[in-house]
Amino acid sequence: MTLADLPAGTRRLSPAQQATIAEFADTDFATWLTERLERIHTLEATHHRAQVIAHGDLFDDNLIVRPDGGLAVLDWETVSLDDPLLDLGMAAVALAREDGLLVPERLRALVAGYVEIAPLSEDDLTALTAEIEHAALIIAFHRYYRHNVRFPDSAKSTIHTEMIKFVESIEHTARLDS
């Protein structure tokens, strides 16, 4: 397989997925999600970064600490070419969240480790907040769709609301460099 064989943007919501939002029974959530996605898409339209190999699902259950202390990354089934900041945003949702809120210290540690390998510009650091939100919106969509539309499960029917609380916490988080 070569880079040219990798799909592009597979973690993003497709136009078909976005069209289903209007059909959600939870109209308040549908409105919130639609408005947030529109704002993110507007912001992203002004920032163009080169696509890189993106894991797309860098959650703690996909990391193993090797005997030498290094990390091994598992579960590459959602690998694609995409914006590195969206991939970092997805990792931030997974690894810098505690009790449903973004933890600035964890985010700073994650970003510090990231920049040891791939530097981020000031513009990137500014845009990262929006990409963390974008990742949370993608997760919120999939949680709602899975547990309310595709495989209705009353025990998990409100799990998507955790991402609403998380997005609100992003808004209250100080800039990374402050």
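Scope of the values below: all heavy atoms of this structure, side chains included, with no hydrogens, waters or symmetry mates.
Between Tyr145 and Phe24, the two ring planes are tilted [angle within 30° to 60°].
Of the possible donor and acceptor atoms, none in the side chain of His55 sits under 3.5 Å from a partner among the backbone N and O of Ser80. Looking only at distances, no side-chain donor or acceptor of Asn62 sits under 3.5 Å from a matching main-chain atom of Asp75. Checked by atom type and distance alone, the side chain of Ser14 pairs as donor or acceptor with a backbone atom of Gln17 at under 3.5 Å. A donor-acceptor pair is defined here as one N or O able to donate and one able to accept, closer than 3.5 Å; no such pair exists between the side chain of Glu131 and the backbone of Leu88. A side-chain donor-acceptor contact under 3.5 Å links Asp124 to the backbone of Ser121. No donor-acceptor distance shorter than 3.5 angstrom exists from the side chain of Asp99 to the backbone of Leu101, with no hydrogens or angles considered. The backbone N or O of Asn148 sits nowhere less than 3.5 Å from a side-chain atom of Ser157 that would complete a donor-acceptor pair.
A salt bridge links Glu44 with Arg12: the distance from a Lys NZ or Arg NE/NH1/NH2 to an Asp or Glu carboxylate oxygen falls below 4.0 Å. In summary, Glu171 and Arg36 engage in a salt bridge, as defined by a charged side-chain N under 4.0 Å from a carboxylate O.
In this structure, Ile132 and Leu128 have side chains that are in contact, with non-hydrogen atoms separated by less than 4.5 Å. Looking only at side-chain heavy atoms (C-beta outward), Arg97 and Glu162 come within less than 4.5 Å of each other.
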- Message: Would Phe141 and Leu37 count as a side-chain contact (heavy atoms from CB on, under 4.5 Å) here? Give the steps.
- Response: CA-CA 10 Å; Phe141 169 88; Leu37 284 168; over 6 Å; no
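Atom CD1 of Ile164 and atom NE2 of His160 lie 5.5 Å apart (nearest 0.5 Å).
Residues Phe166 and Val93 approach most closely at CE2-CG2, 3.7 Å, considering heavy atoms.
Put simply, Leu107 and Ile170 are part of the same group of oily side chains (I, L, V, M, F, W, Y) that touch within less than 4.5 Å, one to the next.
Aromatic pair His134/His41: ring centres closer than 6.0 Å.
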